Amino acid sequence: MLDLKLVRENPDYYKAKIESKLDDPRKIDQILEADVRRRELIGEVESLKATRNAVTADIAAKKKNKENADHLIAEMKTVSDKIKDLDSELSDVETRINDLLLYTPNAPHDSVPKGSSAADNVEVRRWETGTFAGTFKPLDHIELGKRLGILDFERGAKISGSGFPVYVGKGAALERALINFFLDTHTTNHGYKEVFPPFVVNEESMRGTGQLPKFAEDMYTITADGLYLIPTAEVPITNLHRNETFKAEDLTVRYCGYSACFRREAGSYGKETKGFLRVHQFNKVELVKFANPEGSYAELESMVNDVENILKALKVPYRILLLCTGDLSFNAAKCYDVEVWSPAENKYLEASSCSNFQDFQARRANIRFKPDANSKPEFVHTLNGSGLATSRLMVSLLENNQNADGSVTIPEVLRPYTRFSTIEPA
RNA sequence: GGAAAAGUGGCAGAGUGGUUGAAUGCGACGGUCUCGAAAACCGUUAUACCCGUCAGGGUAUCGGGGGUUCGAAUCCCCCCUUUUCCGCCA
């Protein structure tokens, strides 16, 4: 969430930023109105508390001297009642401010291009080596999956529902190979520490990273226990350090971790629902960084490079988009999407999203660092990116590596993991 | 799932319903001493919010939330976490 003090000092700046994100800038006015009332109430209630504390000390002294304090006690009784009323009004106002802040998006960084939709995103670069070069018409991943006997959407629908694909045989092995290749690459080449997080988290964690309260309907819940299935490993990994303070010299802290990801995708039926393009459960290796604010944008660039290294090694054609203000997610200050090429769909598919949240999540989750031993803690910047999600990458991988005879060639770097080099039609 | 115990400042650890933001010890920081260091000694040592240009003043915080009371770390209720024991279990 935004810093109330900064909002108070720069209301016009934040209004413009929120408007650029296609959100309602009047939220800022509502926050500031409530903030004025809040401070009035604090003034009143705290001066009453001050008198009560003083008189209470008198009462204590009188009691000690065995003097009568009945009239003071009676007086303080009414003061205490008044305090109780004001305190409850104050807590209502504070709840309101907090709710407004929780529903107010992060401000885009100044380097983010203005725009109102995905059409205004800026393509930063493109890497096309390995683009499908066959002379035949490429099959799509669903057809390939069926012919090769490696993906079973029908049985997934039977046992769980649509959007829960089953990987079979070499498909399952390939999936596992991708995950292991990603993790090995990030831990040994890119300096991330691996974690294997819980796939279910509590409500505070979901608030910490900003999924709650605004996106409650996007998540699977376990109501009996007040738990949520994670939509991304970002949630448990970022929350590892909730309510903690780093030493400055420990930053940047880099984690990578695999998790299954669960998304209800409520309201997105009909859009890209074919096969792997939009599913309720998928696999992803997530990258998370806790950075000193001074270096956080350099860390964002290097995170995108880490993702690109994976795609280059796999020889998957991709492009990098810098998202415009209007397409930027609620939490992000700046975000690059990494899209992989699907020859059958004849378009790019989002396979990774690398974002700098600045201190937006850190403030919610109270994740700080001490710049020096003697200085006050400040909020860190949090970043994360998919490194990568397997499902759409699998689409690109299968489609780009298909051969005229219907087989699919496994990229060189994956063969130590799969221990096979082709997948033949079943 | 059942039973018991415990949760106090960076850590350890006192604490009677009435100047207790909280003894004491350790640690950390500053200083004295020293050529320097150690030791010793002296001092400092939480956070958030509100008012104030500053100086400063005020309020809150003893796992969390309610309650009793003129007044709660201290009494009552609920919840959470940890530890131990029992049960179940991959």
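Being a predicted model, the structure only gives us computed values, none of them experimental. Reminder, nothing fancy here: chain letters follow the sequence lines and each chain counts from 1.
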Q.
Under 4.0 Å, counting only non-hydrogen atoms across every strand here, what does A:I42 touch: a base, just sugar-phosphate, or nothing?
A. sugar-phosphate
Q: Write down the distance separating the P atoms in B:A3 and B:G58, rounded off to the nearest Å.
A: 48 Å
Q) When the P atoms of B:G15 and B:U68 are considered, how many whole Å apart are they? A) 29 Å
Q: Not counting sequence neighbours, which residues clear ring-ring contact (aromatic ring centres under 6.0 Å, His included) with A:Y318? List them please.
A: A:W127
Q.
Counting only side-chain nitrogens and oxygens, does A:K84 get under 4.0 Å of the OP1 or OP2 atom of B:U68?
A. yes
(Q) If you assign each of A:M76 and A:S47 to its closest nucleotide in RNA chain B, which residue comes earlier from the 5' end? (A) A:S47
(Q) Could you check whether A:K247 makes a cation-pi contact with A:F369, meaning its NZ or CZ is under 6.0 Å from the centre of the six-membered ring and within 45° of the ring axis? (A) no
Q.
Using whole Å, what does the distance between atom P of nucleotide B:C49 and atom NZ of A:K5 come to?
A. 4 Å
Q: Calculate the interatomic distance between A:H71 atom NE2 and B:C70 atom P; express it in whole Å.
A: 15 Å
Q) Which nucleotide in the set B:C70, B:U59, B:G18 lies at the smallest distance from any side-chain heavy atom of A:K77? A) B:C70
Q | A:R8, nearest nucleotide to its side chain (from B:C50, B:G18, B:A60) | A | B:C50
Q: Could you pick out which residue, A:E94 or A:V45, lies toward the 5' side of RNA chain B when each is mapped onto its nearest nucleotide?
A: A:E94
Q) Of the nucleotides B:C70, B:U59, B:C50, which has the atom closest to the A:S80 side chain? A) B:C70
Q. Roughly how many Å is it from CD in A:E378 to C1' in B:A48, rounded to a whole number?
A. 16 Å
Q | Parallel, tilted or perpendicular, as decided by the 30° and 60° cut-offs, for the rings of A:F199 and A:Y258 | A | perpendicular
Q: Using the P atom as the reference point in each nucleotide, state the distance between B:U44 and B:U24 in Å, no decimals.
A: 12 Å
Q) Should A:R39 be listed as having a side-chain N or O under 4.0 Å from OP1 or OP2 of B:C51? A) yes
Q | Between B:U16 and B:G21 - P atom distance, rounded Å | A | 16 Å
Q | P spacing across the pair B:A38 / B:C29, given as an integer number of angstrom | A | 11 Å
(Q) Quick check on A:K312: does its NZ atom have over 12 non-hydrogen neighbours (other residues, nucleotides or ligands) under 6.0 Å away? (A) yes
Q. Considering only the C1' atoms, how many Å lie between B:G17 and B:C62, rounded to the nearest integer?
A. 15 Å
Q. Between B:C70, B:U68, B:G58, which nucleotide gets closest to the side-chain atoms of A:A50?
A. B:G58
Q: Figure out the CD1/C1' separation between A:I73 and B:G18, and round it to whole Å.
A: 11 Å
Q) Given atom NZ of A:K63 and atom P of B:U69, what is their separation to the nearest angstrom? A) 14 Å
Q.
Check this for me: A:R26, atom CZ, are more than 12 non-hydrogen atoms of other residues, nucleotides or ligands nearer than 6.0 Å?
A. no
Q: Whole angstrom is fine here: how far is it from CD1 in A:I83 over to P in B:U59?
A: 10 Å
Q) Between B:C70 atom P and A:R52 atom CZ, what is the distance in whole Å? A) 11 Å
Q. Do NZ/NE/NH1/NH2 and the carboxylate oxygens of A:R8 and A:D35 come within less than 4.0 Å?
A. yes
Q.
More than 12 heavy atoms of other residues, nucleotides or ligands under 6.0 Å from CD of A:E294: yes or no?
A. no
**Q.** Under 4.0 angstrom between A:N53 side-chain N/O and B:G18 OP1 or OP2
**A.** no
Q. Mind checking the C1' distance from B:A37 to B:C49? Whole angstroms is fine.
A. 44 Å
Q | Euclidean distance, atom CZ of residue A:R363 to atom C1' of B:A48 [Å, nearest integer] | A | 14 Å
(Q) Taking the ring of A:F262 and the ring of A:H280, is the distance between their centroids below 6.0 Å? (A) no
Q: Anything below 3.5 Å on both distances counts as a pair; with that, list the stems of at least three consecutive Watson-Crick or G-U pairs involving RNA chain B.
A: B:1-7 with B:80-86, B:10-12 with B:24-26, B:27-32 with B:40-45, B:46-51 with B:56-61, B:63-67 with B:75-79
Q | Carboxylate-amine/guanidinium contact A:E44 A:K82, below 4.0 Å | A | no
Q: For B:C89 versus B:A5, give the span between their C1' atoms, rounded off to a whole number of Å.
A: 26 Å
